[in-house]
Protein chains: 2
Amino acid sequence: MVKLKDIAETTGYSITTVSRALAGYKDVSEATRRHIVDIALSMGYQPNAVARQLRSQKTDTIGIIIPAHDSRFSDDFFSELLMGIGYAAAHNGYDLLVSAQTSSDEMSAYQRIVGGNRVDGVILARTRRSDPRIAYLKEVGIPFVVSGRAAPDEPSDFPYIDADSQQGIYAATRHLIQLGHRNIGIVLPPLDIAFTPYRLMGYQRALLEANLPYEQANVTYGDLRRFGGQQAAHALLTQRPQLTAIVACNDAMALGVMQAVESLGLRVGADIAVTGFDDISVAEYATPPLTTVRQPIQEIGQRLVEMLVHIIHRQPLEHPQTLLSPTLIVRQSCGAKQS
Amino acid sequence: MVKLKDIAETTGYSITTVSRALAGYKDVSEATRRHIVDIALSMGYQPNAVARQLRSQKTDTIGIIIPAHDSRFSDDFFSELLMGIGYAAAHNGYDLLVSAQTSSDEMSAYQRIVGGNRVDGVILARTRRSDPRIAYLKEVGIPFVVSGRAAPDEPSDFPYIDADSQQGIYAATRHLIQLGHRNIGIVLPPLDIAFTPYRLMGYQRALLEANLPYEQANVTYGDLRRFGGQQAAHALLTQRPQLTAIVACNDAMALGVMQAVESLGLRVGADIAVTGFDDISVAEYATPPLTTVRQPIQEIGQRLVEMLVHIIHRQPLEHPQTLLSPTLIVRQSCGAKQS
DNA sequence: CTGTTAGCGCATTCAT
DNA sequence: ATGAATGCGCTAACAG
């Protein structure tokens, strides 16, 4: 690799002058500047980013740590978020450093990346209850933004973007109620996920508002993946035959719910209504479900990056905390069966 | 951030000794080593990765550049590959640096990342005809592996993993022929993608083998996304009403094909058979298509990382070039209509 | 306008 | 067993 030193030797100027010429400083004569730039170009000079980082104490890189592959979660969300963040980072002049946590120690990846000065800021996704990662980032004082709020009983004292999942599940449930359904099941995400309580609250609120009883037996939990939704719905439908509708808490689980419905010889959209909420949209599913409801998570990634860049540059945030309103999509209305 | 210097001052030893104690060198007395390690731990010492990289001339990082968002491609592939690579990298002690190319200059991202010494190796995906990126990586001499071969008329003189798409499309087409179909259309990817000719060849070979004529009019091109498949199939079915089957060249386009079929009042799996090939599986589609054929791309990412790590460590590769054999999945057999 | 000097944090000689 | 000195490649303060 050709270095400043090489250009200095070729041109006869000092390393300093070369550096300043390339950086476009004013105090270099136009003639020498052009000369140096020409030589640098012809030699294929590429500045050593690592040396620059060490010197300038900034990396122009943002970091994201993806959680250990625990097979509990759909990775669709993460992979799509990654892409969105990658594009947005590039667009803002940043690279993206991705680190996966080895299952051993959860915090070690954060300490290595953040403590090792590898990034200027961090994006954290999928918050959990009393999330130690957030505590660490706060303590260290590195700029960070979060995809997802804290759980309802904890302070969300950090910049975030989150879906208004309470409102989303409320809308999904209310939609079913308005169609005449009275026995509505729900497949929730695992309890340690920060957004789960919000979703349960949305479900409960819709029932309460309609004077329908909240029954624990109508609530199950799935692992956010299709199979989890299928298992949960299968159990639910088997044990609670009176159910005429099911709310799923993300797109993948909704597909699983549909599979369970069909595997029991029932028809989605006819015998059992299925609604789902994912990110920012609420949808009623039907067969064939050629389209799923997932909204572009990439946009969320983009907004997160823009927020983070603002923080890194110490520019004020207009909206440090954003709740995305759910959108209702109804493709086919499935009223309750007459019984 | 606490540095070696800080630990040196606290313990009274020199920076050198602290460094060696922490690195576990033999020539430090066990007593001082323990002492230093204790202090380092209590002070929360985290080595500065950037300084290390500069000093050691290695980054323990692998890079991947994702192409500009040109809306022509499904990003599913990339995002999933990213995840797989991220996990595998972590598992092998590497971080992953993701950089998106800004649409302006295609090569600039490569020059910045590779020439800037930011990574020890690179993973390249989705090869194109006479791909300049591969030429650059070869020229610079950095370790790299590729997802995808070169086009048939170019040398694939680099380590790669690729799906045997000729075989895959051949199997898909032959399957349809065996079911009695005689008029089979195909939706190909864009022509500048390196694997497109292989897929066309597979289609042609199956026709030839069955003494069926190859007709240009039965061939269309889609942009690898669902909408592209839909547009292509719509045109195909409108202009060639005699078609009873369509082969799609990836999963997303297959879904689009199905949408087109249904939008024309036809039934998938009854009026029109749809098969698809994606990554390593061939499948016949049916309605409702609750399951798609895509195989875990993450595994491919994992194998790519392992290959790359071998190259970086100058260990020999057992299989520098891998073609993944397609797997045939038949869910429902749809013979040709009697006409 | 240009060159000399210093230092980012670390690991590795080479002395002692 | 330990410390002093050196340099990775670059930028910036400070001369001249």
Side-chain angles (χ1 to χ4, degrees), chain A residues 1-37 39-40 43-61 111-120 140 142, chain B residues 1-37 39-40 43-61 111-120 140 142:
Chain A
M1 283 295 105
V2 35
K3 309 170 291 186
L4 283 187
K5 190 183 171 193
D6 303 321
I7 302 177
E9 284 168 3
T10 324
T11 59
Y13 287 100
S14 73
I15 294 179
T16 309
T17 303
V18 173
S19 169
R20 275 183 303 210
L22 261 32
Y25 274 45
K26 303 288 183 186
D27 55 359
V28 181
S29 87
E30 183 56 18
T32 53
R33 196 193 62 77
R34 291 188 62 96
H35 179 219
I36 290 176
V37 167
I39 298 289
M43 295 179 74
Y45 171 71
Q46 201 64 35
N48 184 314
V50 176
R52 269 195 179 165
Q53 288 173 21
L54 180 58
R55 171 65 227 227
S56 65
Q57 299 292 69
K58 55 196 278 284
T59 60
D60 293 325
T61 303
Q111 289 163 347
R112 206 165 40 77
I113 299 298
V114 175
N117 270 39
R118 297 210 56 181
V119 297
D120 295 340
V140 177
I142 188 168
Chain B
M1 283 297 106
V2 35
K3 308 170 292 186
L4 284 186
K5 189 182 172 193
D6 303 321
I7 302 177
E9 284 168 2
T10 323
T11 58
Y13 287 101
S14 72
I15 294 179
T16 310
T17 304
V18 173
S19 171
R20 277 183 303 211
L22 261 31
Y25 275 45
K26 302 288 182 186
D27 57 357
V28 180
S29 86
E30 183 58 18
T32 53
R33 196 194 62 77
R34 291 188 61 96
H35 180 219
I36 288 175
V37 167
I39 298 289
M43 293 177 75
Y45 171 71
Q46 200 64 34
N48 183 314
V50 176
R52 271 196 178 165
Q53 288 173 21
L54 179 59
R55 171 66 226 231
S56 65
Q57 299 291 71
K58 53 196 279 284
T59 61
D60 292 325
T61 303
Q111 289 163 347
R112 206 165 40 78
I113 300 299
V114 175
N117 271 43
R118 297 209 56 181
V119 297
D120 294 341
V140 178
I142 189 170

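Values in this document were obtained by computation on a predicted structure and should not be read as measured data. Sequence lines set the chain letters: A, B, ... in the order given, protein chains first and strands last, and positions in each chain run from 1.
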Inset, instruction - Determine which pairs satisfy salt bridge (Lys or Arg N to Asp or Glu O under 4.0 Å) with at least one residue from residues 2-18 of chain B, sequence neighbours left out, and list them in order. - result: none
Inset, instruction - Under the salt bridge (charged side-chain N to carboxylate O under 4.0 Å, His left out) rule, collect the residues that match up with B/Asp60, sequence neighbours excluded. - result: B/Lys58
Legend entry - For chain B, the stretch of DNA chain D it reaches, first to last nucleotide, under 4.0 Å of its heavy atoms: D/dA1 to D/dG9
Inset, instruction - Please name all residues satisfying side-chain contact (heavy atoms from CB on, under 4.5 Å) with A/Met1, sequence neighbours left out, ordered by chain then number. - result: B/Asn117, B/Val140
Legend entry - Listed partners of B/Thr61 passing side-chain hydrogen bond (donor to acceptor under 3.5 Å, both in side chains), at least two apart: A/Arg118
Legend entry - A/Ile39 vs A/Val18 side-chain heavy atoms within contact, under 4.5 Å: no
Compile the donor-acceptor pairs under 3.5 Å between side chains in residues 45-52 of chain B and protein atoms, sequence neighbours left out, one pair per line.
residue	atom	partner	partner atom	Å
B/Asn48	OD1	B/Val50	N	2.8
B/Asn48	OD1	B/Ala51	N	3.0

Inset, instruction - Determine the minimum heavy-atom distance between A/Val2 and A/Gly44, stating which atoms define it. - result: CG1-O, 3.5 Å
Inset, instruction - State which residues pass side-chain hydrogen bond (donor to acceptor under 3.5 Å, both in side chains) with B/Ser14; sequence neighbours excluded, sorted by chain then number. - result: B/Thr17
Inset, instruction - Could you check whether B/Ser29 gets within reach of a base, just the sugar-phosphate, or nothing at all, counting any heavy atom under 4.0 Å? - result: sugar-phosphate
Legend entry - Where protein sits on nucleotides 9-16 of chain C, one letter per nucleotide: B base, S sugar-phosphate only, - none, heavy atoms under 4.0 Å: BBBBB---
Inset, instruction - Quickly work out the A/Glu9 CD to C/dG3 C1' distance and round it to whole Å. - result: 15 Å
Inset, instruction - Can you sort out the partners of B/Arg55 under salt bridge (charged side-chain N to carboxylate O under 4.0 Å, His left out), two or more places apart, ordered by chain and number? - result: none
Pair up each side-chain donor or acceptor in residues 28-37 of chain B with any protein partner under 3.5 Å, not counting sequence neighbours, and list the distances.
residue	atom	partner	partner atom	Å
B/Ser29	OG	B/Thr32	N	3.2
B/Ser29	OG	B/Thr32	OG1	2.9
B/Glu30	OE1	B/Arg33	NE	3.4
B/Glu30	OE2	B/Arg33	NH2	3.1
B/Thr32	OG1	B/Ser29	O	2.8

Inset, instruction - Would you mind reading off the distance between A/His35 atom NE2 and C/dC1 atom P, rounded to a whole angstrom? - result: 17 Å
Legend entry - Axis-to-axis angle between the two ends of the helix from C/dC1-D/dG16 to C/dT16-D/dA1 (five base pairs per end, rounded to 10 degrees): 50°
